[in-house]
Amino acid sequence: MRKLLGRTAFASVSLAFATEAMATEWNVSLWGKRRAFTEHVEKLAELVNEKTNGEFTLNISYGGLSKNTENLDGIAIGAFEMAQFCAGYHRDKNPSITVLELPFLGVTSLEQEIALSKAVYDHAATKDDLARWDATLLMPSPLPQYNLVGVGDAPKTLADFNGLSVRATGGIGAAMETVGAVPTSMSATEVRQAMDSGIVKAVSFAPHAHMSFGTIENGKWWTTNLNPGTVNCPVVVNTPALESLPEAHREALLGSVDEALTHYVDFYNNQTMAAWGPALDERGIEQVTFSDDEIAAFKEAAAAPAAATWIEENAARGLPAQELYDLVTGMIANGS
């Protein structure tokens, strides 16, 4: 009997140890607060937890693990297992995906942004680019075209942007330079203070970020159709951490990406955009719409030069820049 009890106790301890050993916890570095921009990560955490019966947990932190501009560095050293960042924060560290930030690409929907991002992320050159940081691209954070919220007199023509200080990163910043604006790159969390202190007079964001980071609280005008482009903000995972996951946990993670993105798109289109118009109206923000001729002139001045410069600079880095650019523009031309 004692032997039987001893074996039973040993088996119970062994089972408990095995169960504990199978449990996986990942730390996820985001910033700001929960918002449309992070809904796919929140959904992913929910799905992974459900599919593994709580054995795989994504612990999401908003700013508690790293600065948003240092999230890729944190992934590289294994400080956390998953993170979100924007390519424009450090273009030299992830040049391959900045092709998706070129101005006036003509992307028309979040679904199209997802398809383009996935195609670029799956390219061998992009994988090699991010591998320098021990990072595997997991999923995009698709965003609509950016527009500006500003203070002071509302611009009536593109010429009115001359000399205007604008928070704009990546290709959007380059586009704004072509109409005489003075772009400044800063992280989203710094924008409200910069706007309040007069460091910038206008901010380029997608609608969710204008609401989340408070630019509409003192903004006086909003451009409805400038649409110079968007930013690309992937979610990445530390490659060694991904490779060391138990197979069932890895399948739960990778197999939940599409559902998480579907949730994100639905949330953005049906909740965020539904709230955007009323938010502007409640605050009496003037909506500025430019003529088709002015938008065409803006595109002509900004798009081709920015693309040519991007291709030249990144080909010099050893990237197949023309190939990446043709991949993106070809998909857009085909309606993909």
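Computed from a predicted model, the values in this text were never measured in an experiment. The first residue of the sequence shown is numbered 1, and numbering continues consecutively from there.
The side-chain hydrogen bond (donor to acceptor under 3.5 Å, both in side chains) test applied to D134 returns no partner, not counting sequence neighbours. Remark: E286 engages K156 in a salt bridge (charged side-chain N to carboxylate O under 4.0 Å, His left out) (not counting sequence neighbours). Looking at residues two or more places apart in sequence or on another chain, you find a side chain to side chain contact (heavy atoms under 4.5 Å, CB included) between A125 and H123, L319, P320. Scored by the side-chain hydrogen bond (donor to acceptor under 3.5 Å, both in side chains) test, D326 finds Q322 as partners (sequence neighbours excluded). With sequence neighbours left out, E81 forms a side-chain hydrogen bond (donor to acceptor under 3.5 Å, both in side chains) with no residue at all.
Counting only residues at least two apart or on different chains, no disulfide (SG to SG under 2.5 Å) pair has a member in residues 258-305. For residues 272-285, the set of pairs meeting the side-chain hydrogen bond (donor to acceptor under 3.5 Å, both in side chains) definition, not counting sequence neighbours, comprises E217-R283. For residues 192-207, the pairs satisfying side-chain hydrogen bond (donor to acceptor under 3.5 Å, both in side chains) are R192-D196, D196-N218, with sequence neighbours left out. Sorted by first and then second residue, the ring-ring contact (aromatic ring centres under 6.0 Å, His included) pairs involving residues 301-336 (not counting sequence neighbours) form an empty list. Residue pairs meeting the disulfide (SG to SG under 2.5 Å) criterion with at least one partner in residues 27-108, sequence neighbours excluded, are C86-C233. Within the structure, disulfide (SG to SG under 2.5 Å) contacts touching residues 245-336 (residues at least two apart or in different chains) do not occur. Contacts classified as disulfide (SG to SG under 2.5 Å) and involving residues 247-316 (residues at least two apart or in different chains) are not found.
Using a 4.5 Å heavy-atom threshold, the side chains of T230 and L143 count as touching.
Remark: of the listed residues N232, T136, T126, N232 is the sole one forming a side chain to side chain donor-acceptor pair (under 3.5 Å) with Y121.
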